[in-house]
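Shown next, in structure tokens, is the structure this report addresses.
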Amino acid sequence: MSEAGSYCVEGEIGIVTIDNPPVNSLGLRTRRAIQEGFNRFAADSSVKAIVLICGGRTFFAGADISEFGQPPVAPDLHDILRLIENSAKPVVAAIHGTALGGGYELSLVCHYRIAVPSAMVGLPEVSLGLLPGAGGTQRLPRIVGVPAALDIITGGKPIKAKKALELGMIDSLADEGKLREDAISFARHILADGKPMMRVSDRNEKLIEAKASADIFEEYLKRNARAFRGFKAPGHIVRAIQAAVDTAPDFDAGMAREMELFLELEASPESLAQRYYFFAERETVKVPDIGKDVGTLPVKSVGVIGAGTMGGGITMNFLNVGIPVVLAEMSQEALDRGIGIVRRNYENSAKKGRMTAERVEQLMALITPAIGLEALREVDLVIEAVFEQMSVKKEIFSKLDGICKPGTILASNTSFLDLDEIAAATGRPDHVVGMHFFSPANVMRLLEVVRGEKTSKEVINTAMKLGKSIGKVPVLSRVCWGFIANRIMAARAVQANELILEGPTPQDVDKAIYDYGFAMGPFQMNDLVGLDVIGRDDVERSVSGDLVKLDRLGQKKNGGYYDYDENRKASPSPVAAQVIADFAQYKGIENKGPQSDEAIVARLLYPVVNEGAKLLEEGIAIRASDIDVAAILGYNWPVYTGGPMFWADTIGLQKVVDGLNALGIPPATLLVEKAQNGDRFTTP
Ligand code: 3H9
């Protein structure tokens with residue numbers, strides 16, 4: 001017995017069981033426990049084969065991410081891998097849960113791998129800005145071949161056991177719930193059959209095969225240039241796999257190149273940001289004043305009001321996890337249209353092979369269509385997703401209060417209205433909460449949970465946990481205009497709209513923002529969404545409003561900030577340029593000519609950081625990392641910058657303060673204080 005390991009012998013089989021909660025990551029405690037087990041069984045002549053299995057919810061989930069950047073402590077992961085691979089007795093890895101990263105790499109030095117059908121295996125290091133640095137880039141292509149290894153490692157997605165068996169990533173499937181017994185009997189068969197020790201590092205055929213197609217790596221990089229843009233890890237992964245081919249059959253030479261590339265990534269700002277983000281995403285559910293003593297309310301059924309794009313998307317989230325939904329609309333026509341959209345979405349998934357036709361029907365059967373609100377009487381949670389008008393929302397909430405059973409949670413999907421005012425229309429403000437989904441609601445992972453003045457802790461806890469259970473990342477916000485993501489990003493929109501009056505064109509602005517790492521710039525985004533949709537009623541006149549007056553609604557009609565050809569390819573628009581020039585003249589703003597990308601980025605993004613600082617000052621957001629998560633998941637802020645607050649820490653807060661001052665934008669007090677104290681918003 002060690003701190004994290006227990007060891008027993010059954011007949012000729014030694015069993016090393018590691019249990020280091022929560023996920024058996026390969027930190028020092030785990031490594032020591034493995035080392036002790038293997039040393040013990042190496043010295044025990046009664047043991048002829050070894051089974052390595054984990055307790056708790058999963059096989060090893062990878063290297064301990066919190067150890068990166070720290071000085072290594074022996075035995076390091078490579079010592080452990082050598083110990084296992086060089087074992088004179090065959091080793092069987094018995095996999096349940098998820099064998100990921102270093103965890104799957106560890107299974108690859110075992111001589112055989114067996115997994116239960118519910119297990120998943122994979123190399124997700126790419127999402128931490130890393131590559132599999134414990135032999136994954138060298139061993140996986142030896143099993144699955146180069147093309148599959150490129151996809152698996154640059155994609156980083158875990159693979160289900162059945163598929164992994166087909167690919168050769170595991171050798172056998174155990175019966176669910178019988179992993180230990182099946183792994184022991186697998187080990188006994190190996191001994192009985194006198195099977196040779198299988199070392200993946202000795203298998204070179206697939207690499208030798210790949211030597212024939214020399215262009216494969218350059219072509220792969222070219223083909224995936226768009227997806228890899230801005231990320232450092234995918235390119236390094238490709239080079240590491242290339243090294244496996246180039247150096248084969250000299251395994252150690254390939255390993256040395258893998259290590260070089262791994263160390264470069266480990267020290268890169270991209271990986272630092274992505275590792276920060278990994279923990280940031282897991283931090284959001286921790287609410288300081290909601291401890292383990294706070295319970296949750298049962299949510300076994302949900303009502304959604306509004307079968308538009310948003311309501312339909314929200315509905316799908318619950319159907320997907322088997323929670324029935326009463327979908328309520330005012331008219332049969334709107335209801336039919338909404339349900340039709342949900343069905344089409346599922347049918348499209350079925351067409352792509354992601355679900356069966358039978359599953360589509362099962363999911364659709366979970367919807368109870370309803371006209372009016374009466375049918376929501378018995379549901380545990382209602383989410384209102386009608387259009388953004390306070391009077392309408394108040395009327396609905398007041399009616400719901402009268403209709404729904406006591407204890408039903410009343411949630412609004414409002415994206416900027418005052419939740420407290422909505423709650424005041426009911427006799428149960430403690431049961432009113434914001435659940436702000438982002439469009440498309442069945443796809444986007446951000447869920448802002450909005451905590452009103454009177455929302456009970458139990459209701460907040462329920463909304464947060466429920467959010468997680470439907471696959472969202474819930475971020476808690478207090479009440480303010482726009483909550484977290486929309487409020488900070490509105491600061492960018494304000495600057496973008498002003499900047500195009502001063503000289504830079506929409507193309508200049510979009511290019512600078514695209515090159516920063518966003519999927520598109522603000523004006524491309526406006527044209528995509530539709531200028532009639534983004535219209536603002538708080539200003540008398542705006543460029544987008546003037547474009548709408550010319551019936552330029554964006555991509556969908558006559559162009560917007562850009563002109564579009566029949567293939568929706570954008571080009572600069574002389575009409576839009578004239579509209580902008582006229583508007584600048586009307587505002588009396590002088591054209592000062594173009595600006596550098598750096599100046600444009602500072603102009604648009606420093607105010608986002610500033611708004612983030614204000615959210616913290618006002619207590620709207622709990623922590624800076626929540627703001628980063630909201631920006632990354634809600635607006636596709638490039639994850640390899642870590643989000644606005646981490647990015648600001650990276651470039652230096654004083655630089656942001658100076659930049660804001662130069663722009664004439666007063667920096668938030670908290671931002672100035674932190675800059676003066678040499679402090680940061682985030683912890684890397
Ligand atoms: C690697 O292996 C590099 C090698 O190639 C090379 C080395 C030389 N380390 O996600 P959860 C914590 S890189 C440290 O909520 P779930 C997590 O922060 C690694 N901590 O659970 C959380 O802590 P807390 C490659 C870790 O059931 C708690 O565990 N591997 C690690 O929803 C529970 O996590 C990966 O990238 C870790 N590796 O999902 C896999 N993993 O409770 C990373 C988790 O304090 N892990 N924690 O908030 C995962 O994808 C998920 O955690 C997993 C479970 C699917 C395993």
Side-chain angles (χ1 to χ4, degrees), residues 4 18-31 54 56-82 95-109 118-140 152-153 155-160 233 236-237 240-241 255-256 258-267 271-272 274-287 292 445 464-465 467-474 623 625-626 629 639 683:
I18 304 296
D19 197 352
N20 187 16
V23 294
N24 289 311
S25 69
L26 289 155
L28 185 60
R29 253 165 67 95
T30 308
R31 299 197 299 271
C54 287
R57 64 190 208 232
T58 181
F59 195 73
F60 308 105
D64 185 338
I65 299 167
S66 60
E67 280 185 359
F68 288 125
Q70 312 285 333
V73 182
D76 70 17
L77 187 52
H78 288 91
D79 298 331
I80 298 298
L81 300 190
R82 268 191 296 275
I95 299 171
H96 76 294
T98 40
L100 297 179
Y104 180 62
E105 290 172 292
L106 186 141
S107 82
L108 288 177
V109 296
S118 60
M120 308 232 264
V121 300
L123 296 169
E125 284 88 342
V126 69
S127 40
L128 298 166
L130 295 171
L131 56 76
T137 65
Q138 306 302 298
R139 288 192 179 89
L140 189 67
I152 292 171
I153 308 181
K157 293 237 161 55
I159 292 167
K160 291 192 179 128
H236 276 49
I237 288 169
I241 297 175
M255 283 296 281
E258 178 191 88
M259 182 46 67
E260 250 170 52
L261 290 163
F262 177 83
L263 292 175
E264 272 177 38
L265 289 178
E266 190 187 5
S271 176
L272 202 63
Q274 288 177 262
R275 273 141 47 196
Y276 153 79
Y277 179 73
F278 175 86
F279 289 110
E281 203 181 281
R282 281 154 180 83
E283 192 82 4
T284 65
V285 284
K286 295 171 192 159
V287 182
K292 288 213 162 62
R445 290 177 64 226
M464 297 293 282
K465 296 255 161 64
K468 197 149 193 245
S469 74
I470 57 171
K472 302 293 175 200
V473 179
R623 50 182 87 81
S625 59
D626 284 2
V629 171
V639 62
T683 316

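When a ligand or atom number is given, it counts from 1 through the structure's own listing order. On a predicted model such as this, the values are computed, not experimentally measured, just so you know. Numbers here simply count residues along the sequence, with the first being 1.
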Answer yes or no: is there a side-chain heavy-atom contact under 4.5 Å between V121 and S107? no

With side-chain contact (heavy atoms from CB on, under 4.5 Å) as the criterion, how do E105 and E125 come out once you've worked through the C-alpha distance, each side chain's angles and the decisive distance to 0.1 Å? CA-CA 11 Å; E105 290 172 292; E125 284 88 342; 3.3 Å; yes

When every non-hydrogen atom of V287 is compared with those of R623, the smallest separation belongs to N-NH2, 4.5 Å

List the atom of L131, the atom of I237, and the distance in Å for their closest heavy-atom pair. CB-CG1, 3.5 Å

Please lay out, stage by stage, how N20 and T30 fare under the test side chain to side chain donor-acceptor pair (under 3.5 Å). CA-CA 6 Å; N20 187 16; T30 308; 2.7 Å; yes

Under 4.0 Å from a heavy atom of P132: which atoms of ligand 1 are those, numbered in the order shown and with their elements? 5 (O)

Could you check atom 49 (C) of ligand 1 against the protein and tell me its nearest heavy-atom contact, residue, atom and distance included? R282 NH2, 3.9 Å

Show me which atoms of ligand 1 lie under 4.0 Å from any heavy atom of D64. 9 (N), 14 (C)

Under 4.0 Å between heavy atoms, the region of F59 that gets near ligand 1 turns out to be neither

Quiz question for you: does at least one protein heavy atom lie closer than 4.0 Å to atom 47 (N) of ligand 1? yes

Is I65 in polar range of ligand 1, meaning some N or O pair under 3.5 Å apart? yes

Return the residue, atom name and 0.1 Å-rounded distance of the protein heavy atom closest to atom 50 (O) of ligand 1. L100 CD1, 3.8 Å

In terms of atom number and element, which parts of ligand 1 are under 4.0 angstrom from non-hydrogen atoms of G102? 1 (C), 2 (O), 4 (C), 5 (O)

What is the closest protein heavy atom to atom 6 (C) of ligand 1, and at what distance does it sit? G133 N, 3.5 Å

Heavy atom of R57 under 4.0 Å from ligand 1? yes

Examine the proximity of ligand 1 to L128 and report which part, side chain or backbone, both or neither, has a heavy atom under 4.0 Å away. side chain

Within the 4.0 Å heavy-atom cut-off, what V23 brings close to ligand 1 is side chain

Trace of the side-chain contact (heavy atoms from CB on, under 4.5 Å) decision for T683 with F279: CA-CA 10 Å; T683 316; F279 289 110; over 6 Å; no

Non-neighbouring partners of E281 that pass side-chain contact (heavy atoms from CB on, under 4.5 Å), sequence neighbours left out: Y277, R445, V473

Residue, atom name and distance, where the atom is the protein heavy atom closest to atom 40 (C) of ligand 1: A61 O, 3.2 Å

Does a side chain donor of either S625 or E283 reach within less than 3.5 Å of an acceptor in the other side chain? no

Any protein heavy atom under 4.0 Å from atom 21 (O) of ligand 1? yes

Taking atom 24 (P) of ligand 1 as the reference point, the nearest protein heavy atom with its distance: K286 NZ, 3.6 Å

Just so I know, are the side chains of R139 and V109 near enough to count as touching, which here means a heavy-atom distance under 4.5 Å? yes

Side chain or backbone, does S66 bring an N or O within less than 3.5 Å of an N or O on ligand 1? no

List the closest protein heavy-atom neighbour of atom 32 (O) of ligand 1: residue, atom name, distance to the nearest 0.1 Å. K468 NZ, 4.4 Å

Report, in ascending order of atom number, the atoms of ligand 1 lying under 4.0 Å from any heavy atom of P124. 30 (N), 35 (C), 36 (O)

Look only at the side chain of H96 and the backbone of G56, and say whether a donor-acceptor pair between them is shorter than 3.5 Å. yes

When rounded to the nearest 0.5 Å, the distance separating CD1 of I65 from OG of S271 is 9.5 Å

Tell me if a side-chain donor or acceptor on T284 pairs with a main-chain N or O of P474 at a distance below 3.5 Å. yes

For ligand 1, indicate whether the residue S25 contacts it via side chain, backbone, both or neither (heavy-atom separation under 4.0 Å). side chain

From the candidates A63, P21, G62, G156, the one that places a heavy atom nearest atom 37 (C) of ligand 1: A63

Quick one: does H78's side chain have a donor or acceptor within less than 3.5 Å of a partner on G135's backbone? no

Residue list, side chain to side chain donor-acceptor pair (under 3.5 Å) with Q274, at least two apart or on another chain: none

Going by the order shown, which atoms of ligand 1 are within less than 4.0 Å of some heavy atom of F279? 18 (O)

Using heavy atoms and a 4.0 Å limit, tell me yes or no: is E283 in contact with ligand 1? no

Please could you name the atoms of ligand 1 that T98 approaches to less than 4.0 Å, counting only its heavy atoms? 55 (C), 56 (C)

Whether R31 and E67 form a salt bridge (side-chain N of Lys/Arg under 4.0 Å from carboxylate O of Asp/Glu) is what I want to check. yes

Residue P22 vicinity, atoms of ligand 1 by number, heavy atom under 4.0 Å: 28 (C), 29 (O)

Can you sort out which atoms of ligand 1 are near G101, meaning under 4.0 Å from one of its heavy atoms? 2 (O), 25 (C)

